[in-house]
S.K.: 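Quick one: the structure is below, questions incoming.
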Amino acid sequence: MFRNIGIIAHIDAGKTTTTERILYYTGTIHKMGNIDDGNTTMDWMPQEQERGITITAAATTCFWRDHRINIIDTPGHVDFTIEVERSLKVLDGAVIVLCACSGVQPQTETVYRQADKYHVPRIAFVNKIDRLGADFDRVIGEMRDRFGSNAAAIVYNDGAEDNFKGLIDIINNQYIQYHDKDGMEFERLPLPPEFQAKTDEYRHELIERLSEVDDELMELFINGKQPSKEQLMAAIRRTVIDSKFIPVLTGTSLRNRGVQLLLDAIIDFLPSPLDIPPMKAYNPDNKEETIQLKADDNEPPMGLVFKIASDKYVGKIFFTRIYSGKFIPGKNYLNSSNGKLEKIAKIVIMHSNKQEIITSASAGEIVAFVGLKESKSGETLCSEEKPAVLEGLKPPEAVVSLAIEPKSKADQDKMGTVLRRFLDEDPSLRVKFDHETSQTIISGMGELHLEIIVDRMKRENNLDVSVGRPEVAYKEAITKKVTGVVGKYVQQSGGRGKYGHVVIDVEPGEPGSGLVFVDKIKGGAIPREFIKPAKEGIEVGAQNGVKAGYPVSDFIVTLVDGSYHDVDSDEISFHLAGKYAIKEALHKAGSVFMEPIMSLEIVVPEDYMGSVIGDLNTRRAKITELGNRGKLKTARADVPLAEMFSYANALRSLSQGRATFTMEPSYYAQVPNSIAQKIIGDRQDPEGGGSVAKV
């Protein structure tokens with residue numbers, strides 16, 4: 001039976017090290033790698049090995065207790081959050097790794113919310129219990145406070161920091177004693193009497209929290225009866241699968257302690273593909289009609305392409321989660337998202353960057369297809385006889401932009417080809433050509449994200465580019481509703497003419513909603529074949545706002561009326577009519593500038609707290625929370641990204657290098673008028689050092 005799991009956490013919590021130990025103890029690898037040495041199995045990219053961070057989600061397979069575990073090790077850095085998002089979308093369970101010293105950190109909260117969004121059951125592993133400042137109980141308290149999660153320990157530690165000695169299994173009432181450095185030799189001993197009282201406390205809390213969400217345990221608890229080991233484990237499994245409870249384990253992956261207990265918990269408590277509710281798909285011709293997908297090989301085949309990677313030997317690799325039926329190499333399948341037929345050349349199981357060819361892929365598996373031509377991330381593959389579409393991916397908003405151009409004219413076409421490949425692989429990357437400055441602008445999730453893109457251009461494609469300085473990815477938004485806006489394209493110059501005519505209403509939408517298009521054409525005022533070109537024209541028009549050419553987002557366009565000519569109307573005419581209509585509407589709807597606001601957390605010694613807060617106040621920051629973490633002070637704030645470039649150097653100077661910070665995109669907010677005027681001025685005169693840098 002399968003377990004499809006992800007390892008998720010804040011950067012530097014120990015995800016990749018934990019995955020490395022899992023592969024070692026399951027016999028998949030025979031030598032443990034180390035992040036500092038740059039030789040771990042899952043961090044195979046040169047950029048990952050040099051920086052000691054995970055950049056791309058890597059998949060692998062291992063076996064434990066006669067179960068196959070498909071693992072995806074995800075990045076912890078916020079710039080690569082799309083990798084976590086698309087992995088969680090297809091996984092059945094997750095292990096959330098927390099640092100015993102740092103506890104719940106900003107990106108921990110982000111990945112937790114992402115797991116909530118996709119209803120992914122999870123267990124928690126509090127890592128680094130041997131580190132200075134480690135506090136197991138404090139981390140569980142933070143999980144309850146920050147996440148609102150119903151969490152309780154099933155394993156706790158004997159000692160912490162330098163005094164860490166072993167682990168206590170609360171369910172089995174046993175002491176886990178290790179005998180060797182690699183953690184391969186350990187034994188389960190009867191619990192020493194001095195630990196019994198504390199273990200009983202943890203066990204009572206475990207039963208109490210389970211009884212709040214499980215009827216069977218509630219009945220035992222009310223009647224004062226102690227559940228058996230089997231009843232307790234069954235209750236944990238039920239409540240974990242229902243996402244009502246999170247069991248918490250602890251250990252230290254780097255020192256090889258506690259990982260086997262984590263593996264047992266993955267098998268015992270996380271769901272198999274048969275345990276999760278059936279995935280819903282919808283009829284491509286009628287989105288109201290839903291279809292329940294059973295994890296059954298006898299059902300029609302249905303899979304979601306959730307990630308695309310490039311391999312120098314076989315070309316593109318399409319990571320796919322199979323939800324029903326069976327896929328076989330050499331057969332044709334329908335991409336129901338775009339209506340095109342695809343032929344699978346071969347199917348492989350990935351072991352990080354290595355491949356194992358298999359003869360078929362069954363329901364519940366995560367595999368990779370080779371040979372597809374027309375598929376992209378978030379698209380559905382299915383049988384031609386029973387087409388259906390799974391919900392795709394919604395990429396996050398880009399917040400940082402960079403101007404690039406090739407160093408030689410000969411590389412112009414090559415750069416376009418390379419960027420198209422990167423766009424296929426990375427839905428969070430944006431590319432546009434700025435006609436005002438004749439530059440290619442790439443936009444992404446942060447400075448590191450774009451730095452890696454430029455580095456990959458050089459290393460993987462031998463393409464050198466000149467690079468401008470990073471800039472804020474501003475947006476434009478509308479402030480009021482306008483109705484009855486007309487867009488018309490008419491051209492008559494002898495022979496067949498051109499005619500397109502649309503009428504639209506435009507109004508502000510929900511934050512983060514992007515552009516929502518609503519078709520309310522009745523009575524055939526515009527033929528069906530011209531609706532899509534009109535929509536595409538509106539989308540193109542919205543890419544360059546009317547204030548300073550930034551993309552317009554978070555608004556609703558309703559197509560309410562229009563007209564056509566039997567002979568002169570065509571798709572191009574309606575595309576242009578839609579484009580003209582949205583430009584006119586944006587002029588009337590009161591466009592404003594929007595800027596990305598970042599969620600910032602700083603950890604700093606008390607002596608420097610005043611200086612750090614004073615500096616934040618000069619950066620238009622809004623302090624949202626002050627707190628303590630052991631002997632250190634913490635501050636949380638919302639701050640405009642525009643004020644935070646090169647902040648690492650400033651913070652280092654303010655704290656003599658003793659403070660750290662993490663930052664992630666939070667929301668967009670309107671730019672103050674005085675700053676908006678400067679942005680407009682800089683756009684009109686880029687040499688002034690404004691938002692579009694000269695390369």
Side-chain angles (χ1 to χ4, degrees), residues 85-86 88-90 117-119 273 276-308 316 318-328 331-344 347 361-369 371-395 423-424 427 513-522 524 526-540 556-559 571 574-575 578:
E85 185 92 8
R86 59 184 174 186
L88 285 172
K89 183 171 178 61
V90 301
K117 176 180 173 181
Y118 294 111
H119 310 292
I276 60 170
M279 180 62 70
K280 289 181 182 176
Y282 59 83
N283 186 324
D285 299 320
N286 178 12
K287 294 189 178 180
E288 304 279 319
E289 185 184 324
T290 58
I291 301 158
Q292 301 273 349
L293 302 181
K294 295 178 184 175
D296 186 336
D297 287 0
N298 297 315
E299 293 287 311
M302 180 82 58
L304 181 74
V305 176
F306 67 93
K307 175 181 167 72
I308 300 174
K316 287 183 182 178
F318 298 79
F319 288 81
T320 306
R321 166 66 194 261
I322 314 300
Y323 284 104
S324 69
K326 183 179 280 193
F327 284 82
I328 299 169
K331 289 190 67 175
N332 287 331
Y333 296 93
L334 174 69
N335 180 323
S336 52
S337 302
N338 62 22
K340 296 180 179 177
L341 280 179
E342 291 277 35
K343 187 173 186 177
I344 299 172
I347 302 175
S362 300
E365 290 195 75
I366 292 177
V367 297
F369 294 154
L372 307 184
K373 305 294 184 189
E374 305 288 347
S375 296
K376 295 180 180 177
S377 290
E379 295 186 341
T380 304
L381 292 173
C382 62
S383 68
E384 294 180 69
E385 294 76 25
K386 289 199 174 180
V389 180
L390 291 154
E391 183 186 5
L393 294 162
K394 186 179 180 185
L423 284 169
D424 284 343
S513 61
L515 191 165
V516 178
F517 179 80
V518 181
D519 174 14
K520 285 194 176 178
I521 292 296
K522 294 178 181 175
I526 299 175
R528 304 308 305 167
E529 64 265 27
F530 297 145
I531 301 290
K532 186 178 179 183
K535 177 188 175 186
E536 290 171 349
I538 290 166
E539 290 171 343
V540 169
I556 302 166
V557 178
T558 306
L559 184 60
E571 291 186 358
F574 273 91
H575 179 101

S.K.: Mind listing the side-chain donor-acceptor pairs of residues 379-388 below 3.5 Å, one per line with the distance, residues two or more places apart or on another chain?
M.R.:
unit_1 : atom_1 : unit_2 : atom_2 : d
Glu379 : OE1    : Asn335 : ND2    : 2.9
Glu379 : OE1    : Lys376 : N      : 3.0
Thr380 : OG1    : Leu390 : N      : 2.9
Ser383 : OG     : Lys386 : N      : 3.2

S.K.: Hey, are the side chains of Glu539 and Leu515 touching, using non-hydrogen atoms and a 4.5 Å cut-off?
M.R.: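 Yes - at least one pair of side-chain heavy atoms lies under 4.5 Å apart.
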S.K.: Testing the basics here: between Ile322 and Ser362, what is the closest heavy-atom pair and its distance to 0.1 Å?
M.R.: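 Minimum heavy-atom contact is CB-O, 3.4 Å.
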S.K.: Is Thr558 close to Asp519 at the side-chain level, that is, under 4.5 Å between some pair of heavy atoms?
M.R.: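 Heavy-atom side-chain distance check fails, nothing below 4.5 Å.
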S.K.: Looking at residues at least two apart in the chain, or sitting in another chain, which of them share a side-chain contact (heavy atoms from CB on, under 4.5 Å) with Lys532?
M.R.: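 Here the qualifying residues are Glu536.
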S.K.: Using a 4.5 Å cut-off on heavy atoms from C-beta on, say whether the side chain of Val540 contacts that of His575.
M.R.: yes
S.K.: According to salt bridge (Lys or Arg N to Asp or Glu O under 4.0 Å), who are the partners of Glu374, at least two apart in sequence or on a separate chain?
M.R.: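 So Glu374 forms a salt bridge (Lys or Arg N to Asp or Glu O under 4.0 Å) with Lys340.
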S.K.: Start with the C-alpha distance between Ile328 and Ile347, add both sets of side-chain angles, then the distance that settles side chain to side chain contact (heavy atoms under 4.5 Å, CB included), and finish with yes or no.
M.R.: CA-CA 8 Å; Ile328 299 169; Ile347 302 175; 5.8 Å; no
S.K.: For Phe530, what residues pass the ring-ring contact (aromatic ring centres under 6.0 Å, His included) criterion, not counting sequence neighbours?
M.R.: Phe574
S.K.: Contact between Phe319 and Val367 at the side-chain level, heavy atoms closer than 4.5 Å - yes or no?
M.R.: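 Contact flag for Phe319/Val367 side chains = no.
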S.K.: Does the pair Gln292 and Lys280 meet the rule for a side chain to side chain contact (heavy atoms under 4.5 Å, CB included), with working shown?
M.R.: CA-CA 5 Å; Gln292 301 273 349; Lys280 289 181 182 176; 3.8 Å; yes
S.K.: Does the Arg321 side chain pair with the main chain of Val90, one donor and one acceptor, at a distance under 3.5 Å?
M.R.: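 Side chain of Arg321 to backbone of Val90: a pair is present.
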S.K.: For Asp424, which residues count as a salt bridge (Lys or Arg N to Asp or Glu O under 4.0 Å) partner, sequence neighbours excluded?
M.R.: Lys316
S.K.: With sequence neighbours left out, write down each residue that passes side-chain contact (heavy atoms from CB on, under 4.5 Å) with Val516, or none if nothing qualifies.
M.R.: Ser513, Val518, Ile556
S.K.: To the nearest 0.5 Å, how far apart are NZ in Lys307 and CZ in Arg86?
M.R.: 4.5 Å
S.K.: Which residues satisfy the side-chain contact (heavy atoms from CB on, under 4.5 Å) test with Tyr282, sequence neighbours excluded?
M.R.: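 Once residues adjacent in sequence are excluded, the partners of Tyr282 under the side-chain contact (heavy atoms from CB on, under 4.5 Å) criterion are Lys287, Val389.
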S.K.: List in chain and number order the residues that pass ring-ring contact (aromatic ring centres under 6.0 Å, His included) with Phe369, two or more places apart in sequence or in another chain; answer none if no residue qualifies.
M.R.: Phe327
S.K.: For Ala363 versus Ser324, what's the shortest heavy-atom pair and its separation?
M.R.: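 Shortest heavy-atom separation between Ala363 and Ser324 comes out as CB-CA, 3.8 Å.
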S.K.: Could you pull out the closest heavy-atom pair between Asn298 and Asp296, with the gap in Å?
M.R.: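 For Asn298 and Asp296, the tightest heavy-atom pair comes out as N-OD1, 2.8 Å.
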S.K.: Going by the rule side-chain hydrogen bond (donor to acceptor under 3.5 Å, both in side chains), which residues pair with Glu342 if we only count those two or more places apart in sequence or in a different chain?
M.R.: Ser375
S.K.: So, using side-chain hydrogen bond (donor to acceptor under 3.5 Å, both in side chains) as the criterion, who are the partners of Glu365 when residues are at least two apart?
M.R.: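 Here the qualifying residues are Arg68.
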S.K.: Could you work out, with salt bridge (Lys or Arg N to Asp or Glu O under 4.0 Å) as the rule, every residue matching Lys117, not counting sequence neighbours?
M.R.: Glu85
S.K.: Can you check whether Leu341 reaches Tyr333 side chain to side chain, under 4.5 Å on heavy atoms?
M.R.: no
S.K.: Kindly compute the distance separating CG (Leu88) from OH (Tyr118), expressed to the nearest 0.5 Å.
M.R.: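 One finds 8.0 Å between CG of Leu88 and OH of Tyr118.
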S.K.: Taking atom NZ of Lys535 as the centre, report whether more than 12 heavy atoms of other residues, nucleotides or ligands fall under 6.0 Å from it.
M.R.: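 No, the 6.0 Å shell around NZ holds no more than 12 heavy atoms from other groups.
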S.K.: Please name all residues satisfying salt bridge (Lys or Arg N to Asp or Glu O under 4.0 Å) with Asp297, sequence neighbours left out, ordered by chain then number.
M.R.: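 Partners of Asp297 under the salt bridge (Lys or Arg N to Asp or Glu O under 4.0 Å) test: none.
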S.K.: Answer yes or no: is there a side-chain heavy-atom contact under 4.5 Å between Thr320 and Leu304?
M.R.: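 Sidechains of Leu304 and Thr320: no contact.
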S.K.: Working to the nearest 0.5 angstrom, can you tell me the gap between Leu393 CG and Lys89 NZ?
M.R.: 6.0 Å
